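Down below is the structure, laid out as structure tokens.
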Amino acid sequence: MTPPHRAGLAETMLSAFISLLLQNALARRNPASAFPHNQIASITVADKITSRQQDYSQWYIDLVRSAKLADYSDVRGCMVIRPNGYAIWEKMQAALDGMFKATGHVNAYFPLFIPESFIAKEAEHIEGFAPECAVVTHGGGEELSEKLYVRPTSETIIWSSYKKWIQSYRDLPILINQWANVVRWEMRTRLFLRTTEFLWQEGHTAHATPEEAQEEVIRMINVYRTFAEEYMAMPVIVGKKSDSEKFAGADATYCIEAMMQDGKALQAGTSHNLGQNFAKAFDCQFQSKEGVLEYVWATSWGVSTRLIGALIMAHSDDKGLVLPPKLATRQVVIIPILKGNKDEVRAHARFIARALNHHGIPTFVDDSENNSPGWKFAEYELQGIPVRIELGPRDIEQGKCVAARRDTLEKTELLLDDTLPANIEEILNNIQQNLYDRALLFRQENTVEVSSWEEFKAKVEKGFVIAHWDGTAETEAQIKEETKATIRVMPMDAEYRQQYSMDEPGTCIRSGNPATQKVVFAKAY
RNA sequence: CGGGGUGUGGCUCAGCUGGUAGAGUGCUGCGUUCGGGACGCAGAGGUCGUGGGUUCGAGUCCCGCCACCCCGACCA
């Protein structure tokens, strides 16, 4: 066998390589080889990461830092998103941006600074946001005549523009999204989940009718659902927020709510029906077909880098990050076992990488000699690379390699022939599906319907609790006060509602008053 | 804003009743290794968070300040 050499490799040689591999595979004598590596030895990875069982929140922090996703900065409450973490965000952005464009939206950019008077225009809005705003008082060495708020969200600055752009029903709808950073001066922060500055996208749309606005609100929350399920492999409950949980300035807030591995809920995305609140605050009217002046109907919707936190807490384990393949910029790592004829092993590894990349599977080779293979196994598991290929001289001799999948840590032997790319692809698809199934099963196992207050208090410590609620803010506040659990969502999905017979009338779990429906309670991030 | 904790090589930390700074890990170089976080040898790296005080002498004792982390109340 002539080992391929790295010099002069070109895409055109790919098919030659594949047939070479094929020949090797056919020629090999001993397909069921003897060396035992289809089981994972129970290694004690240096206690780099606290186990989830020991301390869930410490596990999260350890993971984020050791997988090099983010780092604390020297600014309180702010984080540095490192390349590994930013890569996930870029994948999320790309997928979401495509979905926004496909639903007719365009991107634009509005200023970071918002005049104080703008923020103050919508009563509920300023009440909700002012306390957590950073305010600029000086510029160019002089005190500003009007303070500038660093945007906590952009409704006001955007509506001040929309007012200028909208005169007629012909100007509607406006369907704009912006990718931006925002600042909210939170008291307590947590990497990705809540930081003073974070990255997000915010869609802001303007419509001629309430029906059209409502349609948009639902369309976008469904876009988020699709993204969560198909890309993040994270099941979510889609529904409406109670009045006390809704956005400051909205008539209604819809959300996708996910369950983390500790049973707590995490709001992963929101879509607001803003009614005419901002149009009225900014006096934004349009002339209808009938010639009548009417206020514009608005929506806004957003997801943030918090999704990265959700992703981590939904899937990862004590060995590190577990990434769904669709959000992995690097789906396969090849680790050559460099002994014997190193150059040959290396060359094969690179050839396989080339073949997989050619097949659309982002693959890289770590053939450095600084670290042992075992070190590399652990390191890339920590970083969540979905599939690892181990390739040593013995494999090459026998025309095969070992593929280890990150979600189950299972190893399988694969032939080094032209079936390899398809086989790897299948594993990647399986991982994507398995992560979703696993998370869904976990959510189902940790969701209970309760009918007594005692049971409620016990069960709400971990997981989702479905119970009757009398619909009043007083009862909601009381429950929060006593258990720290809140109403996470009033699900819209008919199947979900039916599964937990949520439309059955009954008596409120706390007050005992008549209740027309059940809602989902949980402790939340 | 309450409660707790921590500030000492890049990181994790030790440093006792004060005597002039150490380990592990990481880093650099060379060599041997390599199928689950390998090993040997040789190196580089610290105004001990900060200001003051006590003392012949402070990483260590006293007072102030600052910063960060964790837990709670608020929030995506």
Side-chain angles (χ1 to χ4, degrees), chain A residues 33-50 55 57-58 60-62 65-66 71-78 128-129 131-133 152-153 182-202 224 241 244-248 253 255-258 265-272 300-310 319-320 335-340 342 345 366-382 388-395 401-402 404 409 411 413 480-481 484 486 524-525:
Chain A
S33 103
F35 62 99
H37 51 39
N38 46 356
Q39 281 195 341
I40 298 289
S42 61
I43 49 152
T44 45
V45 174
D47 357 35
K48 212 167 182 180
I49 300 184
T50 308
D55 184 344
S57 126
Q58 190 60 43
Y60 177 80
I61 294 162
D62 288 352
R65 301 200 70 191
S66 52
D71 210 351
Y72 292 108
S73 80
D74 290 328
V75 183
R76 181 222 311 251
C78 294
F129 281 108
E132 51 179 289
C133 284
T153 179
V182 286
V183 167
R184 297 181 186 177
W185 217 263
E186 302 292 350
M187 288 169 181
R188 220 190 115 220
T189 57
R190 235 180 226 273
L191 293 168
F192 289 117
L193 298 176
R194 182 172 304 109
T195 47
T196 296
E197 181 189 11
F198 57 96
L199 305 182
W200 78 345
Q201 68 52 223
E202 46 181 329
Y224 290 153
K241 283 292 189 190
S244 53
E245 294 278 330
K246 74 176 169 50
F247 176 76
T253 288
C255 66
I256 53 172
E257 204 76 21
L266 186 132
Q267 177 174 307
T270 49
S271 182
H272 314 291
S300 69
W301 29 272
V303 295
S304 71
T305 38
R306 171 177 248 209
L307 287 179
I308 298 173
K319 286 176 180 294
I335 298 175
I337 309 300
L338 295 172
K339 60 182 178 188
K342 290 183 190 178
V345 178
D366 184 348
D367 61 358
S368 66
E369 295 191 56
N370 300 335
N371 298 114
S372 68
W375 187 92
K376 293 175 189 171
F377 296 172
E379 179 62 20
Y380 294 115
E381 276 166 5
L382 185 57
R388 171 181 74 245
I389 292 178
E390 301 169 18
L391 181 77
R394 282 175 287 180
D395 296 310
C401 65
V402 174
L409 299 170
K411 290 187 180 188
E413 291 187 350
K480 185 176 179 183
E481 172 77 25
K484 285 172 183 137
T486 49
Y525 277 98

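Keep in mind that this is a model prediction, so the values were computed, not measured. Chain A is the first sequence line, chain B the second, and so forth, proteins listed ahead of strands; every chain is numbered from 1.
Counting non-hydrogen atoms under 4.0 angstrom, P336(A) reaches nothing in the nucleic acid. At a threshold of 4.0 angstrom between heavy atoms, the contacts of K376(A) with the nucleic acid are absent. Within the nucleic acid shown, K342(A) comes within 4.0 Å of at least one base atom, counting heavy atoms only. Contacts of T486(A) with the nucleic acid, taken as non-hydrogen atoms under 4.0 Å apart, are absent. Looking at heavy-atom distances under 4.0 Å, E186(A) makes contact with a base. Looking at heavy-atom distances under 4.0 Å, T270(A) makes no contact with the nucleic acid at all.
When the P atom is compared between rA38(B) and rC48(B), the two are found 36 Å apart, to the nearest whole Å. Across the C1' atoms, rC61(B) and rC16(B) are found 14 Å apart, a figure rounded to whole Å. A gap of 44 Å separates the P atoms of rU55(B) and rC71(B), to the nearest Å. Between rG31(B) and rG36(B), the two C1' atoms lie 24 Å apart (nearest whole Å). Across rG53(B) and rC11(B), the matching P atoms stand 30 Å from one another, rounded to whole Å. Look at the P atom in both rU60(B) and rA14(B): the space between them is 15 Å, to the nearest Å. When the C1' atom is compared between rG4(B) and rC41(B), the two are found 46 Å apart, to the nearest whole Å. The gap from the C1' atom of rG64(B) to that of rG15(B) amounts to 25 Å, rounded to the nearest Å.
When the nearest nucleotides of RNA chain B are assigned to F247(A) and G77(A) by heavy-atom distance, the more 5′-ward of the two goes with G77(A). Residue whose closest nucleotide on RNA chain B sits further toward the 5' end, between L193(A) and R65(A): R65(A).
Rounded to an integer number of Å, the gap from NZ of K480(A) to P of rA73(B) is 8 Å. Counting to the nearest Å, the P atom of rG35(B) and the CD atom of E413(A) are 17 Å from each other. Rounded to whole Å, atom C1' of rG36(B) lies 14 Å from atom CG of L382(A). Computed from coordinates, the D395(A) CG to rG35(B) P distance equals 13 Å when rounded to whole Å. For the pair R190(A) CZ and rG72(B) P, the interatomic distance rounds to 7 Å; values are reported in whole Å. In this entry the distance linking CG of D71(A) with C1' of rC69(B) reads 13 Å, nearest Å. Atom pair W185(A):CH2 and rC1(B):P shows a separation of 13 Å (rounding to whole Å applied). Rounded to an integer number of Å, the gap from OH of Y525(A) to C1' of rG72(B) is 15 Å.
Consecutive pairing runs in RNA chain B reach the stem threshold at B:1-7 with B:66-72, B:10-13 with B:22-25, B:27-32 with B:38-43, B:49-53 with B:61-65, where a stem means at least three Watson-Crick or G-U wobble pairs with distances under 3.5 Å.
Considering only side-chain atoms of A378(A), the nucleotide from rG72(B), rG35(B), rG37(B) that sits closest is rG37(B). Side chain of E132(A), nearest nucleotide from rC75(B), rG37(B), rG36(B): rC75(B). Closest to the P373(A) side chain, of the nucleotides rC75(B), rC34(B), rG36(B), is rC34(B). For E379(A), the listed nucleotide lying nearest its side chain is rG37(B); candidates were rG37(B), rG72(B), rC34(B). Taking the side chain of R394(A) as heavy atoms from C-beta on, and the options rG36(B), rG35(B), rA73(B), the nearest nucleotide is rG35(B). Checked against rG36(B), rC34(B), rG37(B), the side chain of E390(A) finds its nearest nucleotide in rG36(B).
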- Query: How far apart are the C-alpha atoms of W375(A) and N370(A), what are their side-chain angles, what is the distance that settles it, and do they pass the side chain to side chain contact (heavy atoms under 4.5 Å, CB included) test?
  - Reply: CA-CA 10 Å; W375(A) 187 92; N370(A) 300 335; over 6 Å; no
- Message: For Q201(A) and W301(A): C-alpha separation, side-chain torsions, deciding distance, then whether side chain to side chain contact (heavy atoms under 4.5 Å, CB included) applies.
- Response: CA-CA 8 Å; Q201(A) 68 52 223; W301(A) 29 272; 3.5 Å; yes
- Give the C-alpha distance, both sets of side-chain angles, the deciding distance and a yes or no for side chain to side chain contact (heavy atoms under 4.5 Å, CB included) between T50(A) and I61(A). CA-CA 9 Å; T50(A) 308; I61(A) 294 162; over 6 Å; no
- Message: Using the rule given for side chain to side chain contact (heavy atoms under 4.5 Å, CB included), can you reason through D71(A) versus R65(A), listing the C-alpha separation, both sets of side-chain angles and the distance that settles it, and then say yes or no?
- Response: CA-CA 6 Å; D71(A) 210 351; R65(A) 301 200 70 191; 2.7 Å; yes
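Contact of the Y380(A) side chain with the D366(A) side chain is registered, since non-hydrogen atoms from C-beta on lie closer than 4.5 Å.
On a pure distance criterion of 3.5 Å, no polar donor-acceptor pair joins the side chain of Q58(A) and the base of rC70(B). Taking 3.5 Å as the limit, the base of rG37(B) and the side chain of K319(A) contain no donor-acceptor pair of atoms between them.
A salt bridge links K241(A) with E257(A): the closest approach of a Lys/Arg side-chain nitrogen to an acidic carboxylate oxygen falls below 4.0 angstrom.
Listed for the Y224(A) side chain is a donor-acceptor partner under 3.5 Å among the backbone atoms of G302(A). Not a single donor-acceptor pair under 3.5 Å links the side chain of Y525(A) to the backbone N or O of R194(A). Of the possible donor and acceptor atoms, none in the side chain of T305(A) sits under 3.5 Å from a partner among the backbone N and O of F198(A).
Not one side-chain nitrogen or oxygen of S372(A) sits closer than 4.0 Å to the OP1 or OP2 atom of rC34(B). S57(A) has a side-chain polar atom (N or O) that falls below the 4.0 Å cut-off from OP1 or OP2 of rC71(B).
Figure legend: R388(A) and F377(A) shown as a cation-pi pair, the cationic atom lying under 6.0 angstrom from the six-membered ring centre and within 45 degrees of its axis.
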